[in-house]
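Each remark here refers to the structure printed beneath this line.
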Amino acid sequence: QAKDKGRGTYRFYAAQMNAQSAERLILESGLRRALVREELLLHYQPKLDLKTQRIVGVEALMRWRHPTLGMISPAQFIPIAEETGLIEAMGQWALRQACSDAVAWRRQGLPALQMSVNLSPRQLGSRTLISEIATILDESGLEPELLELEITEGAVMKNAEQAVTVLETIRGMGIGLAIDDFGTGYSSLSYLRRFPLSTVKIDRSFIHDLSEDTDAQALTDSIITLAHGLRMQVVAEGVETMTQLDHLRSRGCDVIQGYLLSRPLPAEELCRFVGGYLHHQIAAPIAA
Ligand code: C2E
Ligand code: MG
Ligand code: MG
Ligand code: MG
């Protein structure tokens with residue numbers, strides 16, 4: 001009986017594994033064509049400066065509209081893109097698209113917004129990265145000071161020596177550098193000193209727990225103090241409530257990003273959102 005049960009369990013797992021690897025294969029082959037079939041797009045999430053009450057930038061977030069499966073989350077397709085190496089072409093496309101959208105918004109009369117683009121570990125390891133960035137800035141006409149690249153601790157940990165050189169070159173070009181999901185990786189403190197970062201983004205898991213959890217508060221407060229001590233700007237991600245915003249403001253956090261302000265939006269909607277925000281800012285500022 002036990003044997004039967006065991007075999008049944010095995011069969012169940014095998015079936016599940018097959019379903020998983022089948023799904024993975026479908027996504028992988030779909031992803032290979034996604035770029036040329038123009039199924040990839042960018043949404044933009046605005047960031048609010050807590051001191052000036054102004055929208056100071058946006059983060060570009062990749063979306064994949066699969067022809068039959070519909071919208072697929074980056075949590076699902078970015079890891080596959082990373083493993084297969086497809087992320088290099090996809091990331092390059094995202095950077096080019098984001099820079100050209102930023103320039104287009106300016107032409108439509110929006111104030112200058114900082115454009116933040118996520119950089120994957122694989123891209124960071126690419127020998128052609130610097131020249132690709134230079135070409136994209138040149139072709140789009142975006143000022144390097146308006147571009148920021150977001151990297152994770154995992155990305156710099158793989159090959160720290162090489163990463164330092166690449167990151168210093170990027171900073172030398174005038175481009176901003178943010179460490180993303182800060183507090184979730186390892187060796188966070190030493191990396192803050194070692195890499196030429198301009199911004200620290202506090203991971204949204206800390207922000208989520210801010211209201212009830214005093215440990216999350218202590219960690220958030222420490223990250224803000226530490227980052228400011230090292231002359232870096234602090235962005236809190238995943239801000240969803242006024243309670244969270246009030247806490248962050250009281251601790252001197254510089255910028256917030258999250259559903260409280262807005263979800264990531266398609267380019268035209270972002271443009272309208274910022275335009276509308278400018279007009280209504282005086283009448284109804286968020287949490288003034
Ligand atoms: P991330 O860079 O940390 O981006 C922030 C994520 O938090 C986004 O998820 C955003 O939609 C989500 N978010 C923003 N505000 C809130 C909030 O108030 N509550 C909650 N629960 N979530 C919020 P998204 O768009 O699903 O992206 C997930 C991750 O995929 C990103 O995390 C990033 O690591 C990766 N990713 C997205 N686009 C790109 C890209 O173009 N290149 C690379 N390499 N990675 C990307
Ligand atoms: Mg990010
Ligand atoms: Mg993040
Ligand atoms: Mg995150």
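Counting starts at 1 for both ligands and their atoms, following the listed order.
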Checklist entry - Do Lys51 and Asp254 pass the salt bridge (Lys or Arg N to Asp or Glu O under 4.0 Å) test, and can you show the C-alpha distance, the side-chain angles, and the key distance before you say yes or no? => result CA-CA 7 Å; Lys51 287 177 193 83; Asp254 305 293; 3.1 Å; yes
Checklist entry - Hey, does the side chain of Arg171 reach the backbone of Ile175 with a donor-acceptor pair shorter than 3.5 angstrom? => result yes
Checklist entry - Rounded to the nearest 0.5 Å, how far apart are CD of Glu39 and CE of Met71? => result 11.0 Å
Item to check | Atoms of ligand 1 close to Asp180 [distance to a heavy atom under 4.0 angstrom, numbered from 1] | outcome: 1 (P), 2 (O), 3 (O)
Checklist entry - Looking only at heavy atoms, is any part of Gln257 under 4.0 Å from ligand 1, and if so is it the side chain, the backbone, or both, or is it neither? => result neither
Next on the checklist: Just to check, does Ala75 reach to within less than 4.0 Å of ligand 1 when the distance is taken from its heavy atoms?
Outcome noted: no
Next on the checklist: Side chains of Glu148 and Thr199 only: does a donor on one sit below 3.5 Å from an acceptor on the other?
Outcome noted: yes
Checklist entry - So, is Tyr259 polar-close to ligand 1, with some N/O to N/O distance under 3.5 Å? => result yes
Checklist entry - Which option, Met90, Lys201, Arg63, His208, owns the non-hydrogen atom nearest atom 25 (O) of ligand 1? => result Arg63
Next on the checklist: One residue to check: Leu61. Relative to ligand 1, which of side chain, backbone, both or neither has a non-hydrogen atom less than 4.0 Å away?
Outcome noted: both
Item to check | Within-cut-off N or O pair, Asp181 and ligand 1, under 3.5 Å | outcome: yes
Checklist outcome for this item: ligand 1 atoms nearer than 4.0 angstrom to some heavy atom of Gln45 are 14 (C), 15 (N)
Item to check | Where Pro46 and Leu261 come nearest, the two heavy atoms and their spacing | outcome: O-CD2, 3.6 Å
Checklist entry - Taking atom 19 (N) of ligand 1 as the point of reference, which of Gln76, His43, Glu59, Glu240 owns the nearest heavy atom? => result Glu240
Checklist outcome for this item: Of Gly258, Ala60, Pro74, the residue with the heavy atom nearest atom 26 (O) of ligand 1 is Pro74
Item to check | Side-chain cluster (under 4.5 Å, hydrophobic types only) that Val255 belongs to, other residues | outcome: Val56, Val235
Next on the checklist: I need the contact type for Ser120 against ligand 1. Using non-hydrogen atoms and a strict under-4.0 Å cut-off, is it side chain, backbone, both or neither?
Outcome noted: both
Item to check | Under 2.8 Å from the Mg ion (ligand 2) - protein N/O/S, by chain and number | outcome: Glu59 OE2, Asn118 OD1, Glu150 OE1, Asp180 OD2
Item to check | Distance-only polar pair, side chains of Ser116 and Lys47, donor-acceptor under 3.5 Å | outcome: yes
Next on the checklist: Take a 6.0 Å sphere around CZ of Arg263 and say whether it holds more than 12 heavy atoms from other residues, nucleotides or ligands.
Outcome noted: no
Next on the checklist: Distance alone, cut at 3.5 Å: any donor-acceptor contact between the side chains of Glu59 and Gln257?
Outcome noted: yes
Next on the checklist: Any carboxylate oxygen within less than 4.0 angstrom of a Lys/Arg side-chain nitrogen, looking at Glu237 and Lys201?
Outcome noted: yes
Item to check | contact_flag Pro264 ligand 1 heavy-atom lt 4.0 Å | outcome: yes
Checklist entry - Taking only residues two or more places apart in sequence or in another chain, which ones pass side chain to side chain contact (heavy atoms under 4.5 Å, CB included) with Ala98? => result Leu42, Tyr44, Ala60, Met115, Val117
Next on the checklist: Closer than 4.0 Å to some heavy atom of Arg204 - which atoms of ligand 1 meet that?
Outcome noted: 6 (C), 7 (O), 12 (C), 20 (C), 21 (N), 22 (N)
Next on the checklist: Which Ile, Leu, Val, Met, Phe, Trp or Tyr residues join Leu25 in one cluster when any pair of side-chain heavy atoms under 4.5 Å counts as a link?
Outcome noted: none
